[in-house]
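Letters A, B, ... mirror the listed sequences (proteins, then strands); counts begin at 1.
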Amino acid sequence: RKEVEQDPGPFNVPEGATVAFNCTYSNSASQSFFWYRQDCRKEPKLLMSVYSSGNEDGRFTAQLNRASQYISLLIRDSKLSDSATYLCVVRYSGAGSYQLTFGKGTKLSVIP
Amino acid sequence: DGGITQSPKYLFRKEGQNVTLSCEQNLNHDAMYWYRQDPGQGLRLIYYSQIVNDFQKGDIAEGYSVSREKKESFPLTVTSAQKNPTAFYLCASSTPSRNTEAFFGQGTRLTVV
């Protein structure tokens with residue numbers, strides 16, 4: 001079974017804090033990895049792709065450990081506007097298809 | 001502007017009725033997906049299509065049907081066989097390339113009354 005597991009949260013953090021989310025995936029054939037952000041009652045939107053060497057986009061850092069089948073997202077200097085649910089997404093290939101599998105998401109609330 | 005459009009945004013259905021949710025994209029994407037999301041839950045795959053005239057069942061296909069007669073369109077029918085259809089339905093599309101993300105429509109919120 002192809003599964004993606006995330007910290008369930010919720011994470012309640014003060015403004016300015018650093019927070020980290022973890023995600024594990026079970027299918028070693030997984031090809032690519034993403035973090036999406038979903039605001040309440042809205043569609044998910046891509047936050048960032050996750051590259052093998054790790055990557056950073058402003059206050060956000062994503063890392064991938066293929067050996068441990070583990071992905072992480074680090075948010076530094078949290079803002080109120082970061083409050084949302086963060087979805088870990090894994091894309092794997094098999095029999096010519098490229099399915100996307102979503103984790104259940106981790107809810108973040110940044111508190112003034 | 002390129003994008004993916006779902007309609008309607010809100011839909012009310014009586015028990016025993018079939019309803020069809022529309023999903024159209026002008027991104028020239030080959031792959032399209034339907035997901036269901038229940039309150040406080042993650043996205044679960046209903047059906048996906050990698051190419052025109054072909055589609056595959058996802059994890060929760062029972063009570064749903066789809067068609068893919070055109071590249072840009074992937075409608076989802078929620079049939080009366082779906083026992084608990086009230087949910088948020090999300091359509092997505094992507095290219096089949098390995099490192100490309102999926103783009104989502106704004107979703108349809110279906111309520112059975």
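- Under the 4.5 Å side-chain heavy-atom criterion for Ile, Leu, Val, Met, Phe, Trp and Tyr, B:L90 and B:V19 are members of distinct hydrophobic clusters.
- Proximity to chain A is absent for every atom of B:R44, based on heavy atoms less than 4.5 angstrom apart.
- For NZ of A:K107, the number of neighbouring non-hydrogen atoms (other residues, nucleotides, ligands) closer than 6.0 Å is 12 at most.
- Around atom CD of B:E24, more than 12 heavy atoms belonging to other residues, nucleotides or ligands sit under 6.0 Å away.
- Under a cut-off of 6.0 angstrom, the local environment of CD in B:Q6 is crowded, with over 12 non-hydrogen atoms contributed by other residues, nucleotides or ligands.
- Closest heavy-atom contact between B:Y33 and A:R91: OH-NH2, 3.6 Å.
- Only the side chain of B:Q37 comes within contact range of chain A, with at least one heavy atom under 4.5 Å from a heavy atom of that chain.
- Just one residue in the list A:L87, A:V89, A:L100 forms a side chain to side chain contact (heavy atoms under 4.5 Å, CB included) with B:L43, and that residue is A:L87.
- Heavy-atom distances place the side chain of B:F88, and not its backbone, under 4.5 Å from chain A.
- Ring centers of A:Y36 and B:Y35: at least 6.0 Å apart, outside the cut-off.
- Counted within 6.0 Å of CD1 on A:I111, heavy atoms from surrounding residues, nucleotides or ligands total more than 12; the atom is thus considered enclosed.
- Taken together through direct or relayed side-chain contacts under 4.5 Å among Ile, Leu, Val, Met, Phe, Trp and Tyr, A:Y86 and A:L80 form part of one hydrophobic cluster.
- Looking at A:Q38, only its side chain comes within 4.5 Å of chain B, counting heavy atoms on both sides.
- Between A:E43 and B:I4 there is no side-chain heavy-atom pair separated by less than 4.5 Å.
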